[in-house]
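Scroll down for the structure; my scribbles are underneath it.
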Amino acid sequence: MSTVKPLVVVLALENHSLIQQIHADLLAALNERSELHIAKTKPEALRYLTSSSRPHAVVVYDPAPSHPEYLDVLLHLVRYVESGGTAVYAGVFGSFVEFPALEFMFQVAWGLPWSRGSYTRSVLKLNGTAKGLNIRELPRKYYANAAYVSGVTSASAVYLEPRVLKKLLRNKHKTPTPHEDPLETPAAFTKVGKGHLGYVGDVNNETATTALVVQMCFHRASHAPVAPGTGVPPPVPKRTVLIISLEKEEWTDSMFETLYRALRKNASMTEVENPREAIEALSATPPPSAVLVSDATINRRAHAALLSRLVEYNRAGGTVVLGMQFSNTLSGSGRAFFGKWGLEWDRGDYHRTTFELNPAGIPAPLSPAALFPSISAKALHIEGASREHAVYLPAANARVQSHVFAATPIVGEHAEQSPAVFARVGEGFLGYVGDVNAEHEGIRLTLEMLGMKIQPGDLGSTTKTTGVSFMGGVQREVTTRVEPETPLPTVSQRPREAEVAARSKQRAETRAEKDQRAESMKLEGNAFFAQQSWVRAADKYRAAAMTAGPKPVLLSNLAAALLKLQLWEAADSATSRVLLQEPNHPKALYRRAIARKEQGRFPAAKADLEHILRLDRRNAAALAELNALEVARTRKDAFSYDWPGDLELGTGTRQSDGPLEPEEESDSEDFKHGKSGSAPCKKYNHDGCEHGTRCRLRHAPDEKSVRDQLGRNVCVYWLLGTCRFGDERCVYAHDRTYLPPRGWWAGVRRIDHLRKDFNAAVAAAPREGVEESIIAEAFKPVSWRKDVWTFGDYGEMATRHAEREKAYEADLAELNRLRGLGGAGGGPPTAAAVRHGEASGSGGAEDYHSDDTEDEDEYPSEGSEDDEEEA
């Protein structure tokens, strides 16, 4: 009997060619125990990390996920582990990862205190106190030349140097201190959220390393996390609507054009005009979802068989609506007709008046939100219906509305008659709409009775005849007018509005206090910028943004200082966050173009400059930089590196939903309540938690939810896809009533792009017998607190960058000398010089802020002008 192997994915995004050369034994060992897949591109990596069919384990083979261009891969990997998965850094990761990238990855993305340790070869011993692995299956001694990680606890260090292990064992019976001395190790394994993270820094592919990596992938608690659902909404089958029109007039289509339009868009509609076809349609398998009878011809004796079959269909669970011209063509007493349905209804008054929705509540399952609360309609009423069957009733001060008859008050038994009724018959429902003029309000009611949920615009406009002229008994001219769709009035369905207002007021007060502190920091940053103290200016701008949130003015200023420090990736990150909120921010576009040019991302830089020119075709700074960019790009030794997706930028293939504002954070206790990995509190998200601050469960939002204005966490699977738990069992709220009107979840184009990218990756490499859908949390944008600009010591980073550039220049100069290209003023410019703009004539970041350039008036330093910009 065959068993399904668990899925293990290896992320080899930059060095996949080395796997077979160096780590064939690791691949063989993993392949023996799993269904092994190697992700070689960013779309492939995101496909496995955001699939409803989750991996059992993920091996990070190279340092690509620690690089800025793969930040979303890293953060989806973190989400995967926090939900219960296992990830192991191994392969050539320890050989190639850079120190700053490793620190950012572990400390910011993973929330671990790990950092880069020694790089040495040692004889190590197994730490018997390590947690999470089956220690007995690992060799007691481990010879490794490895890149260590430091800041590791004893419970997470798998192997240690003998002297360290001896000291650890000597002290194991002592009372542990809250802050034990951190250790360094080439092999670490720890719990993160509900899952586990491993690190193996061996650079020589020792035999024992393969066993260690496999043990980490298949530790005792390892499993593939089960997704709460998918990011694909459940298919909503179109209702099938049968219209029975036994005496259809030639003007019916035009009179009811809005009804037909809405039905064609939202249902599978069939119209029949003879009784035989009607009986066949009613007897089909499956039968129609609903039937609309457009005239009263069915009440004639000749159509008794059809009427009998229709009543049978109704009693068996079908929905029948008597509408359109039914009320206009129903003659004589209606008691016999309605008696066949077991109802005591009869024809009532015929006039126009004002009606209101039944104050006692309209019949279920009709929704009052889909109907007009008050209407004026000319209708044939129904008398004898119980009040609970009435959808509309005459208003309190209703009078007959007529150009001929007196405005008689509608009182007594006449006030009990209804122009629209809806009642259960057997297992089904029978509805009646007495409107005789095909007015928008009556059309909406007909659609609601048929079970149709329509959207604004589904009805569309209608053409009304306003006059007809005749001459000599011959029609000469018809005058018409076009009436737009009548929108439903905005009615608040939010009974807890006072609570929302109170929370909003508290947030506004907190926001104002934060903004005041951030403004003070920004002004200090401006002063430092004017003094050319770039590091101190950048620190102040960042502190302001971390206090008040990633406001465009703060991050644009920060980017200006980061460009001065030549911290290109951080400047790119800061400006990208600005442009998510203000896509047409010219200074952010220009500064990002500079940062991207200096990284060698020429197509991406060009796309930003062309964006500026679409906004202002005479922008001198952008024109000059675009020309300089072309010169730099065509240099023989120009450094060029495109990030995944760069070549698509500026092509117009990806339309945006517009600004993507970050979710507002809160200082309230419940926004921060609960430890990482603790289960969400169902009571808090549904009816309120009586334990308050004493609750041991989480009240704070997480990756599977979005915060509403009442502080509840709403399920993103229910919101954007399918939640397999349903409202009763899900720990999150299934209610959008109090969600903010604007949010990332409303970005239809962005979400559609993500779904299409996922589906394309699955189609390119389908897994046999496995159905995959994107998970809903994949749509949740990356938190700005995980952006590159948020992390690191800017001064230290700038010094390290300058040292690398100096060493690079020296190496390149020596290479040129050996090639015979050296000498004063001879040879082509260095690649580093091209990257810095010295050879292109653009001046790179310096020209943008120089006091003696033409660009100064167009793009002055934001260190001194942002107060005017805000004003």
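For the pair Arg33 and Phe218, the cation-pi criterion (under 6.0 Å, within 45° of the ring axis) is fulfilled. Geometric assessment of Arg750 against the ring of Trp745 yields a negative cation-pi assignment under the 6.0 Å and 45° thresholds.
Among all heavy-atom pairs drawn from Pro365 and Glu448, the shortest one is O-OE2, 4.2 Å. Counting all heavy atoms, side chain and backbone alike, Lys786 lies closest to Thr790 at C-OG1, 4.3 Å. When all heavy atoms of Arg116 and Leu102 are compared, the pair lying nearest together is N-CD2, 3.5 Å. Scanning all heavy atoms of the two residues, the minimum distance from Pro550 to Arg577 falls at CB-CG, 3.8 Å. Taking both residues in full, the closest heavy atoms of Leu30 and Ser34 are given as O-OG, 2.6 Å, listed atom of the first, atom of the second, then distance.
Remark: Glu582 engages Pro552, His585 in a side chain to side chain contact (heavy atoms under 4.5 Å, CB included) (not counting sequence neighbours). Checked against salt bridge (charged side-chain N to carboxylate O under 4.0 Å, His left out), Arg712 has the following partners two or more places apart in sequence or in another chain: Asp708, Asp735. With sequence neighbours excluded, the residues satisfying ring-ring contact (aromatic ring centres under 6.0 Å, His included) with Tyr48 are His37.
Across Arg511, Lys551, Arg503, Lys514, a single residue satisfies salt bridge (Lys or Arg N to Asp or Glu O under 4.0 Å) together with Glu664, and that is Arg511.
Salt bridge Lys522/Glu519: present, at least one basic N to carboxylate O contact under 4.0 Å. Between Asp539 and Arg542 a salt bridge is recorded (basic side-chain N to carboxylate O distance below 4.0 Å).
Checked against the 6.0 Å centroid criterion, the rings of Phe189 and His219 qualify as a close aromatic pair.
Judged purely by atom type and a 3.5 angstrom limit, Lys682 uses its side chain to pair as donor or acceptor with the backbone of Glu728. No donor-acceptor pair closer than 3.5 Å links the side chain of Ser705 to the backbone N or O of Pro701.
Side chains of Ser156 and Thr153: a donor-acceptor N/O pair is present below 3.5 angstrom, by distance only. A donor-acceptor contact under 3.5 angstrom links the side chains of Thr722 and Thr230, judged on distance only. Between the side chains of Gln215 and Glu137, at least one donor N or O lies within less than 3.5 Å of an accepting N or O. A donor-acceptor pair shorter than 3.5 Å cannot be found between the side chains of Ser53 and Glu772. A donor and an acceptor atom, one from each side chain of Tyr732 and Asp727, are nowhere located under 3.5 Å apart.
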Subject >> Test log, rule salt bridge (charged side-chain N to carboxylate O under 4.0 Å, His left out), inputs Arg79 and Glu82 >> reply: CA-CA 5 Å; Arg79 290 179 180 178; Glu82 289 179 338; over 6 Å; no
